[in-house]
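Here's the structure we're looking at; comments come further down.
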Amino acid sequence: MSGLATSARVVRALGARSIRQTFRRPQLISPIIVFPTLLLAIQTGGAGAGIELPGFPPVQSFLQFMLAGSMMQAMMLAGNSGGIAFAVDIEMGFTDRLFAAPIPRFAIVLGRLAGTAALGLFAAIWFFAIGPGSGSKSNTNDGGTTINVEVPTIAPNPS
Amino acid sequence: MPAIVVERLERAFGDVLAVQGIDLQVDEGEIYGFLGPNGAGKTTTVRMLTTLLLPTGGRAEVAGCDVVREARQVRASIGVALQEAALDPLMTGRELIRLQATLQGLPPAAGRKRADDLLERVDLAAAADRRVGGYSGGMKRRLDLAAALVHEPRVLFLDEPTTGLDPVSRKTIWEEVQALNEDGTTVFLTTQYLEEADQLADNVGIIDSGRIVAEGTPEALKGEVGHPHVELLVGEGAVPEAERVCQGLGKLLPPKDGKRVLLEVEHGAADIPRVVRALDEAGIVVESLELVRPTLDDVFVDKTGHHLEREEGAREGEGADEPEAEAAPA
């Protein structure tokens, strides 16, 4: 098996571990899904009439207005969760296991980033699902939707 | 060909020289016991040999490859089970072994099969799908050992594999290490337990304050500090007469109390019948007799001037069973 294929398998395995780790540790998944969703529900319920104010952007509903903000909040917190999980790995010595293996260092970093990106994607899909489900209409075309999904996937990683 | 060659290896952390120019050689198929108290430099040495820490001086080769210039080849040849079992408590045992197989480049099908075999071997098949966080200390050590074996390494590094384990779990690990060695694996084992080094190691290196103070087979090291002695309990009043009888049979040692005679004998157990016969002929009743052999602790005392086990006991009592202070992250 070529080195690149082996590295790709390592990235996939570490990414999968990262996702499992997040879903098995409630304190990591809560900031990505639960808190932004709750905040979205509270703000939409409490400030829905705000769209009637003069000068408010032309939106169909307050939910439509807030959705992008909630997505970005979820993305940032996904990045934070990824960073915390990596710090925990270092503290408990799990990274020593990785560093003692004959794999390139970039595969370790990419594995973690892939996991965080997948969580970002999951959050984007979640908000795309609850948005229209709660009556918000998307005004964008297929290309725009693709960008809307891809940006959250990439966005958490720099943090 | 030696499996491990270390020449003048050094590691400094700021002003502290944790490992001070050590030399050692471990032959293929050998169990090498690296014995020393906490903070002696054992873990730092292991971390350098496993490529997790760069040396600041000297050189080392593992499986014929330089640990600095050919780190990746070294990593492909070694298995590592570090002091603090580096296990993710959220993963299951099976997931961890499969991940390790992937890290070592095994194809998926081979990795799955190897994971099943290893879990069976370390008696964790029944618990394989449980999360590691729920495992006992002994189970975690066995899982860590299994993970280190996934690619059938030529050289296995075990950093204090039995620290904190109960006697039964400790024995299980010892048996596994011996079985691995019988299969041809070279084992570099660090320990602070004298008995462990004595039982398992073909050769022992004793490290204290970053320097190797003694090296050799356990028997040879113990031989260096003196012969075994016989401890005879003869009761009060009989000691002077017993000492007179024993004078020609070996070297009398200073008495512990007024009831015992301590006699150093050259040939150990083989000298006992001679001693017993002589005392019997002199009409001296021996209430008990014990052959006391030199231990590795005697070797440690002889070389460093202080006890190893007493020191460890005191430190554990203080709750100082933390990882070694000098074991800096990679």
Side-chain angles (χ1 to χ4, degrees), chain A residues 1-32 81-116 118-119, chain B residues 43 46-47 49-54 62-63 65 67 70-92 95-108 110-111 131-133 140 143-144 147-148 150-151 153 157 159 323 327-330:
Chain A
M1 192 177 290
S2 76
L4 201 61
T6 306
S7 297
R9 282 187 43 232
V10 169
V11 170
R12 198 173 60 193
L14 291 178
R17 172 186 169 258
S18 167
I19 294 166
R20 268 200 305 267
Q21 191 183 35
T22 307
F23 278 95
R24 287 177 185 175
R25 189 174 275 158
Q27 64 267 40
L28 293 180
I29 193 70
S30 298
I32 302 172
S81 290
I84 290 166
F86 195 58
V88 170
D89 274 358
I90 292 170
E91 193 177 336
M92 72 179 171
F94 193 83
T95 44
D96 282 343
R97 181 177 297 286
L98 306 178
F99 292 145
I103 52 172
R105 297 295 192 250
F106 76 81
I108 298 171
V109 178
L110 275 184
R112 173 60 65 184
L113 293 182
T116 310
L119 290 169
Chain B
T43 298
V46 167
R47 291 180 72 86
L49 296 180
T50 54
T51 76
L52 292 171
L53 196 62
L54 283 173
V62 176
C65 301
V67 295
E70 299 163 300
R72 195 145 174 206
Q73 290 91 316
V74 170
R75 290 179 196 132
S77 307
I78 62 170
V80 187
L82 292 172
Q83 193 173 2
E84 298 294 300
L87 306 171
D88 181 351
L90 298 173
M91 294 177 86
T92 66
E95 285 168 356
L96 188 110
I97 303 281
R98 285 185 181 175
L99 175 65
Q100 190 69 37
T102 304
L103 295 174
Q104 294 294 346
L106 266 68
R131 289 194 196 170
V132 173
K140 284 179 183 169
L143 181 66
D144 203 18
V150 82
H151 56 303
F157 288 90
D159 191 10

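Basis for what follows: all heavy atoms, side chains included, without hydrogens, waters or symmetry-related copies. Note that the coordinates shown come from a computational prediction; the quantities given were computed from them, not determined experimentally. Letters go in sequence order (proteins before strands), and every chain restarts at 1.
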(message) Between A:R24 and chain B, with a heavy-atom cut-off of 4.5 Å, which part of the residue counts as in contact: side chain, backbone, both or neither?
(response) both
(request) Check for a donor-acceptor pair, side chain of A:T22 on one end and backbone N or O of A:L28 on the other, with a separation under 3.5 Å. (result) no
(message) Strictly distance-based, threshold 3.5 Å: is any side-chain N or O of B:R98 a donor or acceptor partner for the main-chain N or O of B:G111?
(response)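 Side chain of B:R98 to backbone of B:G111: no pair is present.
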Can you tell which part of [X] gets under 4.5 Å to a heavy atom of chain A, answering side chain, backbone, both or neither?
{"X": "B:L99", "value": "side chain"}
{"X": "B:R131", "value": "side chain"}
{"X": "B:Q73", "value": "neither"}

(message) Out of B:V80, B:V74, B:L90, return the one with the most heavy atom pairs under 4.5 angstrom to chain A.
(response)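 Highest number of pairs under 4.5 Å: B:L90.
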(message) I'd like to know whether B:D159 forms a salt bridge (charged side-chain N to carboxylate O under 4.0 Å, His left out) with B:R47, so could you lay out the CA-CA distance, the side-chain angles of the two residues, the decisive distance to 0.1 Å, and finally the verdict.
(response) CA-CA 9 Å; B:D159 191 10; B:R47 291 180 72 86; over 6 Å; no
(request) Could you tell me whether B:D88 and A:R97 have a side-chain N and a carboxylate O separated by less than 4.0 Å? (result)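 Answer for the salt bridge query: no.
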(request) Please round to the nearest 0.5 Å and tell me the distance separating atom CG of A:L113 and atom CG of A:L14. (result)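 Answer for the CG-CG pair, A:L113 versus A:L14, is 11.0 Å.
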